[in-house]
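Here's the structure, in structure tokens; my notes come after.
A note on names: the letters A, B, ... follow the listed sequences, proteins ahead of strands, and every chain is numbered from 1. We use all heavy atoms of the structure for the numbers below, so side chains are in, but hydrogens, waters and symmetry mates are not.
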2 protein chains.
Amino acid sequence: MATSPGSEQLLRSAQLRVTRPRMAVLDAVHDHPHADTEQIIASVRTRLGDVSHQAVYDVLRALTSNGLVRRIQPSNSVARYEARVGDNHHHVVCRACGSIADVDCAVGETPCLTANDDHGFTIDEAEVIYWGTCPACAASSAPSS
Amino acid sequence: MATSPGSEQLLRSAQLRVTRPRMAVLDAVHDHPHADTEQIIASVRTRLGDVSHQAVYDVLRALTSNGLVRRIQPSNSVARYEARVGDNHHHVVCRACGSIADVDCAVGETPCLTANDDHGFTIDEAEVIYWGTCPACAASSAPSS
DNA sequence: CGACCAATCTTGACTCGTTCAAGTTTGTGG
DNA sequence: CCACAAACTTGAACGAGTCAAGATTGGTCG
């Protein structure tokens, strides 16, 4: 749970200043994949004491735009963040409770990245969200059969 | 631009009451693919005069949950709606201006619908969003080369 | 055809995730 | 060690969407 030594290196390599809030946010995202901003703020405050929510929003934006964390936001959900970046994985989202799990696409390294007709767009990423029901929700809503 | 005759049938077949706001919203979504709620409200008011925004929100929810329209919401965007349903198509979104175009996936009818490890989730849909740059934005940001 | 009732619509307030703005603090290069 | 821009704090504001209470209205049944 302590600040991981790699965080500082990660920040420096992205040309970002190394500050305590940034280290804490980076560690929080590593420790809690798919956490939303509120959860990250709570985690950061556990480590550092008072940190403004604005600081966390700023840090998350800086980390996201520098590729150190990835932001995901399924429909009907607030923004969530994760530390797995650059490995082309996707997500399953439960329609009932909103829980998220990672999945690696079955079709290879860059699945679906070629569209039939791209309308002239230059495509650089294919984001896949699988919608369904998680085991817990399936169990609680299913009849006894 | 007049209310299409099919709208009424569509509503009745979904067990929904046929009202003027619903017809107008359905037509608006047909006429303006990927429109957001504000645009739909404007379009509906052009046809009917005053209609409350709450009515439009209610109608869109009813239509969405009955499968008559599809709701999409890319990150950093408000909710958008379209009338193409049930044909498994996906979307390209421009990172710069947010414009959206339809694409049919190259990999077949239900691309990527099988994940390697689904973590026990029951998957019923795979939503794909291609991120990139639209022709207009590519042209305006590129050097003269 | 007319009345009833639940579904739908109107009005208006409100929530909450996120952003904006101004001023203070702090990391980093020189 | 200093200076300065980047980063943080504080507090207000924004806006898409939701909630709630009461008025209308579509559809059904007698």
Side-chain angles (χ1 to χ4, degrees), chain A residues 3 7-29 34-45 47-66 68-69 71-81 98 100, chain B residues 3 7-26 28-29 34-45 47-66 68-69 71-81 98:
Chain A
T3 293
S7 298
E8 181 176 342
Q9 292 305 321
L10 226 48
L11 287 168
R12 291 198 191 285
S13 67
Q15 317 261 21
L16 292 171
R17 286 191 184 176
V18 178
T19 67
R20 289 157 60 68
R22 285 182 172 177
M23 307 268 277
V25 168
L26 206 41
D27 291 340
V29 175
H34 314 138
D36 61 26
T37 310
E38 192 181 352
Q39 294 170 321
I40 293 170
I41 290 173
S43 173
V44 166
R45 287 185 177 157
R47 295 161 203 252
L48 297 186
D50 278 355
V51 177
S52 66
H53 74 147
Q54 186 59 39
V56 176
Y57 275 98
D58 285 348
V59 170
L60 285 171
R61 175 162 6 175
L63 296 181
T64 300
S65 61
N66 282 280
L68 296 190
V69 305
R71 174 187 165 131
I72 58 177
Q73 186 171 24
S75 293
N76 307 315
S77 170
V78 298
R80 293 167 176 276
Y81 297 87
I100 300 177
Chain B
T3 293
S7 298
E8 182 177 342
Q9 291 305 321
L10 226 48
L11 287 168
R12 290 197 191 285
S13 67
Q15 316 262 22
L16 291 172
R17 284 193 184 173
V18 179
T19 67
R20 289 158 61 68
R22 285 183 172 175
M23 307 267 277
V25 168
L26 206 40
V29 175
H34 313 138
D36 60 28
T37 309
E38 192 180 353
Q39 294 169 322
I40 292 170
I41 290 173
S43 173
V44 166
R45 288 186 175 155
R47 295 161 204 251
L48 298 186
D50 279 354
V51 176
S52 67
H53 76 147
Q54 186 60 39
V56 176
Y57 274 99
D58 285 348
V59 170
L60 285 171
R61 176 162 6 176
L63 296 180
T64 301
S65 61
N66 282 280
L68 297 190
V69 306
R71 173 188 166 131
I72 57 176
Q73 186 172 24
S75 292
N76 306 316
S77 170
V78 297
R80 293 166 177 277
Y81 297 87

All side-chain contact (heavy atoms from CB on, under 4.5 Å) counterparts of A:Ala14, not counting sequence neighbours: A:Leu16, A:Asn66, A:Leu68

Under 3.5 Å, which protein N or O atoms sit close to an N or O of nucleotides 28-30 of chain D? Give each pair with its distance.
none

Per-nucleotide protein contact string for nucleotides 19-30 of chain C (B base, S sugar-phosphate only, - none; heavy atom under 4.0 Å): BB-----BBS--

Sugar-phosphate only, base, or nothing, as touched by B:Ala79 at under 4.0 Å among non-hydrogen atoms: sugar-phosphate

C:dT18 phosphate, OP1 or OP2, under 4.0 Å from A:Thr37 side-chain N/O: yes

Residues forming a side-chain contact (heavy atoms from CB on, under 4.5 Å) with A:Ser77, sequence neighbours excluded: A:Pro74, A:Arg80

Under the salt bridge (charged side-chain N to carboxylate O under 4.0 Å, His left out) test, residues paired with A:Arg71 that sit two or more places apart: none

Non-neighbouring partners of B:Thr64 that pass side-chain hydrogen bond (donor to acceptor under 3.5 Å, both in side chains), sequence neighbours left out: none

Donor-acceptor pairs under 3.5 angstrom involving side-chain atoms of residues 49-60 of chain B: please list them, not counting sequence neighbours.
| from | atom 1 | to | atom 2 | distance (Å) |
| --- | --- | --- | --- | --- |
| B:Ser52 | OG | B:Ala55 | N | 3.1 |
| B:Gln54 | NE2 | B:Asp58 | OD1 | 3.1 |

Axial bend angle, the helix from C:dC1-D:dG30 to C:dG30-D:dC1: five-pair end segments, nearest 10°: 40°

Residues in side-chain hydrogen bond (donor to acceptor under 3.5 Å, both in side chains) contact with A:Ser75, at least two apart in sequence or another chain: none

Qualifying salt bridge (Lys or Arg N to Asp or Glu O under 4.0 Å) pairs, either residue in residues 13-25 of chain B, two or more places apart: none

Test side-chain hydrogen bond (donor to acceptor under 3.5 Å, both in side chains) applied to B:Arg12 - qualifying residues, sequence neighbours left out: B:Glu8

